[in-house]
Protein chains: 2
Amino acid sequence: MSVAIENFVKAIYNNDKHDIKDTKPGNIAKKLGISNAAATDMAKKLAAKDLLNYEKYQALQLTEKGTKMALNVVRKHRLWEAFLFKMFDMSLHDIHREAELLEHQTSDLLAKKISEYLGHPKFDPHGDPIPNANGEITTEDTSISLSEAIEGKTYTISRLMSDDKEFFDFCAQNQIKYRNTLTVSKQFISNKMTQISIGSNTIVLNEDFTKIIYVDEN
Amino acid sequence: MSVAIENFVKAIYNNDKHDIKDTKPGNIAKKLGISNAAATDMAKKLAAKDLLNYEKYQALQLTEKGTKMALNVVRKHRLWEAFLFKMFDMSLHDIHREAELLEHQTSDLLAKKISEYLGHPKFDPHGDPIPNANGEITTEDTSISLSEAIEGKTYTISRLMSDDKEFFDFCAQNQIKYRNTLTVSKQFISNKMTQISIGSNTIVLNEDFTKIIYVDEN
DNA sequence: AATTATTTTTAAGTAAGCTTAAATATTTTA
DNA sequence: TAAAATATTTAAGCTTACTTAAAAATAATT
């Protein structure tokens with residue numbers, strides 16, 4: 001299966017899992033940087049391969065086969081992230097970019113070797129769970145987005161759900177990092193902003209960021 | 001530049017360097033597993049990009065630009081070989097196969113990181129020299145092929161120039177390994193075979209193998 | 001509910017990287 | 001050196017993964 005197909009299936013998987021947004025061709029197209037027409041085309045092609053269910057004007061749904069493929073790619077991506085993070089001094093964003101390419105050129109054997117070397121990690125450096133070789137995610141996700149966190153409570157960052165350089169640069173400058181602790185000092189409900197204290201800093205984050213920072217209550 | 005182009009340029013470079021064979025489209029086509037017609041087509045296309053010189057019915061010659069590209073790919077390939085060899089318990093052939101894919105999806109930054117991690121190695125696990133980031137090979141090659149070695153002398157294996165699984169399996173079973181020592185007990189000139197003793201074994205090799213095993217006199 | 005805006009789909013077309021078949025050169029060998 | 005064998009090139013065609021433009025359907029807004 002081609003890189004284009006792997007990316008398409010992965011985009012549906014990620015959109016489906018993480019975003020509130022639906023999985024109609026247009027949304028997938030936007031994620032992949034291709035035209036809507038190309039996405040519709042691809043959807044039909046993948047339906048013929050039993051990777052997803054396609055009905056005109058409806059959201060795309062991965063079949064079991066499609067989900068398995070997506071999880072295999074996601075596994076390789078997250079293993080590479082964990083591995084490169086451990087081995088080399090590179091920014092999370094750079095690591096993400098490398099993983100984005102390497103994930104498609106990694107045999108199951110090499111993925112297994114990397115996983116073994118790392119002691120079969122359950123999470124990558126963003127806090128994203130790493131599926132096992134059978135495509136199963138065995139860790140349950142109890143975390144909530146920072147936008148839903150409660151004033152006065154203290155949380156541990158469990159996930160940074162993004163692939164945007166700006167965001168990661170911001171995180172790096174503000175101690176926002178997987179497994180760091182923060183306290184929600186104020187939720188500005190009407191403005192959809194959240195004030196947190198982390199380390200010695202106090203930061204006000206808007207919704208763009210609080211929706212992709214996931215936390216677990218301490 | 002695409003994977004197809006990188007592989008094409010690399011094939012010319014390797015053919016030119018290692019083999020006695022010429023670099024006409026047919027030979028490159030055979031190496032890449034594509035038709036002669038496709039190779040001719042590609043040659044014209046790459047000539048237009050100033051990666052090689054193409055004249056009808058003549059051997060293909062890489063330009064400086066083409067050579068630089070080839071060396072960049074070769075560098076990444078050999079760095080991956082060295083890295084995977086160090087990190088994981090995998091056969092040389094498996095490592096080669098992974099490197100063959102990863103080489104095209106590796107940024108210059110990651111290559112640099114891998115090289116640094118390994119202490120800027122000069123050779124990969126086959127004994128092939130690793131070009132530096134500027135595409136320079138700073139080590140001179142004093143080795144000769146086993147087919148040219150002299151009876152009675154003792155040598156150190158400096159290079160195993162192949163990507164064939166059968167060959168590597170044979171090597172693994174017979175202690176034929178980069179940096180191992182062997183003695184040439186007999187050269188059967190007319191049969192083009194060579195008898196060596198390596199470890200406690202005595203082996204007779206035919207020309208197919210003695211031409212790709214490179215050695216340095218002790 | 002009707003109109004407007006947005007999405008999705010269809011249709012036609014493009015570039016890359018191949019293929020096979022036939023024509024043309026070159027090389028080998030008898 | 002002429003014939004036979006082999007290689008290279010040209011030509012036509014295919015698939016994948018896109019594109020833009022227009023038509024059709026859905027969703028949003030007043």
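Numbers restart at 1 for each chain; the letters A, B, ... are given by sequence-line order, proteins then strands.
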[N] [atom2] sits how many Å from [X] [atom1], rounded?
X	N	atom1	atom2	result
B/D22	C/dT27	CG	C1'	12 Å
B/E55	C/dA25	CD	P	16 Å
A/Q58	D/dT26	CD	C1'	10 Å
B/I34	D/dA7	CD1	P	16 Å
B/N27	C/dT27	CG	C1'	14 Å
A/Y57	D/dA28	OH	C1'	17 Å
A/L51	D/dT16	CG	P	14 Å
B/K49	C/dA16	NZ	C1'	10 Å

Legend entry - B/E98 and A/S107: side chain donor to acceptor below 3.5 Å: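 Present: a donor and an acceptor within the cut-off.
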Inset, instruction - May I ask you to check whether A/H120 and A/E116 show a side-chain donor-acceptor distance below 3.5 Å? - result: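 A/H120 vs A/E116: no donor-acceptor pair found between side chains.
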Legend entry - Sub-6.0 Å ring centroid separation between A/F83 and B/F88: yes
Inset, instruction - Go through residues 35-44 of chain A and report each residue with a non-hydrogen atom lying under 4.0 Å from DNA chain C, sorted by number. - result: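 Contacts with DNA chain C under 4.0 Å: A/N36, A/A37, A/T40, A/K44.
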Inset, instruction - Determine: side-chain N/O of A/K24 to OP1/OP2 of D/dA27, distance under 4.0 Å, yes or no. - result: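 Answer is yes, contact under 4.0 Å.
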Legend entry - Any B/K56 side-chain N or O less than 4.0 Å from OP1/OP2 of D/dT10: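 For D/dT10, OP1 or OP2 has a side-chain N or O of B/K56 closer than 4.0 Å.
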Legend entry - Full working for side-chain contact (heavy atoms from CB on, under 4.5 Å) between B/D216 and B/I144: CA-CA 7 Å; B/D216 269 320; B/I144 56 169; over 6 Å; no
Legend entry - Contact summary for B/T210 and B/S145, nearest pair of heavy atoms: O-CB, 3.6 Å
Inset, instruction - Return one dot-bracket line describing DNA chain C 5' to 3' (Watson-Crick or G-U wobble pairs, both distances under 3.5 Å; ( ) same strand, [ ] crossing, | another strand, . none). - result: ||||||||||||||||||||||||||||||
When the side chains of residues 56-75 of chain A are checked against the rest of the protein, which donor-acceptor pairs come out under 3.5 Å, sequence neighbours left out?
{"unit_1": "A/T63", "atom_1": "OG1", "unit_2": "A/D50", "atom_2": "O", "d": "2.7"}
{"unit_1": "A/T63", "atom_1": "OG1", "unit_2": "A/L51", "atom_2": "O", "d": "3.1"}
{"unit_1": "A/T63", "atom_1": "OG1", "unit_2": "A/K65", "atom_2": "N", "d": "3.4"}
{"unit_1": "A/T63", "atom_1": "OG1", "unit_2": "A/G66", "atom_2": "N", "d": "3.1"}
{"unit_1": "A/K65", "atom_1": "NZ", "unit_2": "A/K49", "atom_2": "O", "d": "3.0"}
{"unit_1": "A/T67", "atom_1": "OG1", "unit_2": "A/T63", "atom_2": "O", "d": "2.8"}
{"unit_1": "A/N72", "atom_1": "OD1", "unit_2": "A/K76", "atom_2": "NZ", "d": "3.1"}
{"unit_1": "A/R75", "atom_1": "NH1", "unit_2": "A/P131", "atom_2": "O", "d": "3.1"}

Inset, instruction - Using ring-ring contact (aromatic ring centres under 6.0 Å, His included) as the criterion, point out the one residue from A/F167, A/F168, A/Y214, A/F85 that pairs with A/H126. - result: A/F168
Legend entry - Chi angles and distances behind the side chain to side chain donor-acceptor pair (under 3.5 Å) call for A/S147, A/E207: CA-CA 7 Å; A/S147 62; A/E207 202 187 25; 5.9 Å; no
Legend entry - Heavy-atom side-chain contact between A/K10 and A/E100 under 4.5 Å: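 In short, these two side chains touch, coming nearer than 4.5 Å.
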Inset, instruction - Determine the contact category for B/Y54: base if any of its heavy atoms lies under 4.0 Å from a base atom, sugar-phosphate if only primed atoms, P, OP1 or OP2 are that close, otherwise nothing. - result: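 It contacts sugar-phosphate atoms only.
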